[in-house]
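A short write-up of the structure that comes next.
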Amino acid sequence: MAAPNAVPAPLGLLAELTHRCPLGCPYCSNPLALDRRDDEIDAATWARVFREAAALGVLQVHLSGGEPAARRDLPEIVKAARDAGLYSNLITSGVGLTPQTLAALADAGLDHVQVSMQDSEQASADHIAGYEGASARKRAISGEVVRLGLPLTINLVVHRANVGRIEPMVELALSLGASRVEIAHVQYYGWAMKNRAALMPSKAQVDEAVREVEMLRARHHGRIVIDAVVPDYFARFPKPCVGGWGRRSLNVTPAGKVLPCHAAEVIPGLEFWNVREHSLGEIWRSSPAFNVFRGEAWMQEPCRSCARREQDFGGCRCQAFLIAGDARATDPVCHLSPRHALVSQLAEAREDMAYSYRTN
Ligand code: SF4
Ligand code: FES
């Protein structure tokens, strides 16, 4: 059993540079209340955060959003990550990112680019993104990424409307020159909760998707890496969310608040510290929000005495709160949870309704 007070070194930092975004995806996992442009921390503060992150042991920074390219100072921020010795991954929609900016980012030392795709069929992709012409722009910028010699990952966000097209979506990623494809089933946090019934696939669709991924992995072995996991509401065990609370990673919001995970603000009563007032090291070691679910002392049964607790850490605290109303409960996705029936009911609650698009 891990010592409850041991504070491990983090490996990854999710830097949410801005909540601004040109797209309106119905599955957006950002919170309902977005940080405003005026509240965004500046490039100099990001540079200090990156140096402090590297000193803590962080190896990788994921530059995310919203759409990071909405920030004019993105090349400066990328250079700061490089100067701090961090491996930088740009997570972008590809919309609003010009070839000129991309070239400036490559010059600044960007290491990797991840572009999200909504579908292999362009009309459907644009409909899902809520943005006409988005798919064509994403394909064009993906080509530029490869032309510049940067490694490309295509992130496919999968749900009821497109889960039947995994094969053509993987073919699309291959045709764009991606070295990795991430099949990411929608996770129901933030704005996505509004569209849960519209996005939820059926069990038969999920089973077919799992079979298809296995077939595609075998077919394309050595050509492209295919990452995929069974979606939360259909799994027997929960995901080890963020590699365990306060164990592997931290999240800095556009306004500088430091969270143990992307959705942590949904849990009432947590106290988050801000990089404007504290160093990242102080926050990692001492902020109340990071310490509240570190170790195992907070766990309830069945997690407390379960052999898997060091593998999945009891699942996702945010999901436990959102579904079971108790952030200390076993993640109800786990089939051992006394509240697992709630997840089964939600997985059955499908409705063909119009998307509620994200607005900024
Ligand atoms: Fe994981 Fe808790 Fe389920 Fe055990 S009971 S598998 S520790 S979530
Ligand atoms: Fe917060 Fe999983 S998203 S712990």
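Just so it is clear, the structure is predicted and the values come from calculations on it, not from any experiment. Atoms within a ligand are numbered from 1 in the order they appear, just like the ligands themselves. Note: hydrogens, waters and symmetry copies are ignored here, and every other heavy atom, side chains too, is used.
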Between E214 and R211, is there a side-chain N and carboxylate O pair less than 4.0 Å apart? no
Give the atom numbers and elements of ligand 2 that come within less than 4.0 Å of a heavy atom of C318. 1 (Fe), 3 (S), 4 (S)
How close do V113 and V115 get, counting heavy atoms only, and between which atoms? CG1-CG2, 4.0 Å
Ligand-residue contact atoms, ligand 2 with C241, heavy atoms, under 4.0 Å: 2 (Fe), 3 (S), 4 (S)
May I ask you to decide if the ring planes of H278 and W273 are parallel, tilted or perpendicular, using 30° and 60° as cut-offs? parallel
Considering non-hydrogen atoms of the protein only, which is the closest contact for atom 4 (S) of ligand 2, and what is the distance? R317 N, 3.4 Å
Pi-cation contact, W284 with R294 (under 6.0 Å, within 45°): yes
Check H62 against I91 and note the closest heavy-atom contact, atom names and distance. CB-CD1, 3.9 Å
Report the nearest protein non-hydrogen atom to atom 3 (S) of ligand 2: residue, atom name, distance rounded to 0.1 Å. C316 SG, 3.5 Å
Atom indices of ligand 2, in the order listed, that fall short of 4.0 Å to a heavy atom of C261: 1 (Fe), 3 (S), 4 (S)
Looking at R328 and D326, is any side-chain nitrogen of the basic one under 4.0 Å from a carboxylate oxygen of the acidic one? no
Near atom 3 (Fe) of ligand 1 (under 2.8 Å) - protein N, O or S atoms: C334 SG
H262 near ligand 2 by a heavy-atom separation under 4.0 Å: no
Can you tell whether the side chains of R219 and E171 come within less than 4.0 Å, N to carboxylate O? yes
Please determine whether a side-chain nitrogen of the Lys or Arg among K79 and D83 lies less than 4.0 Å from a carboxylate oxygen of the Asp or Glu. yes
Would you call D352 and R160 a salt bridge, using N to O less than 4.0 angstrom? yes
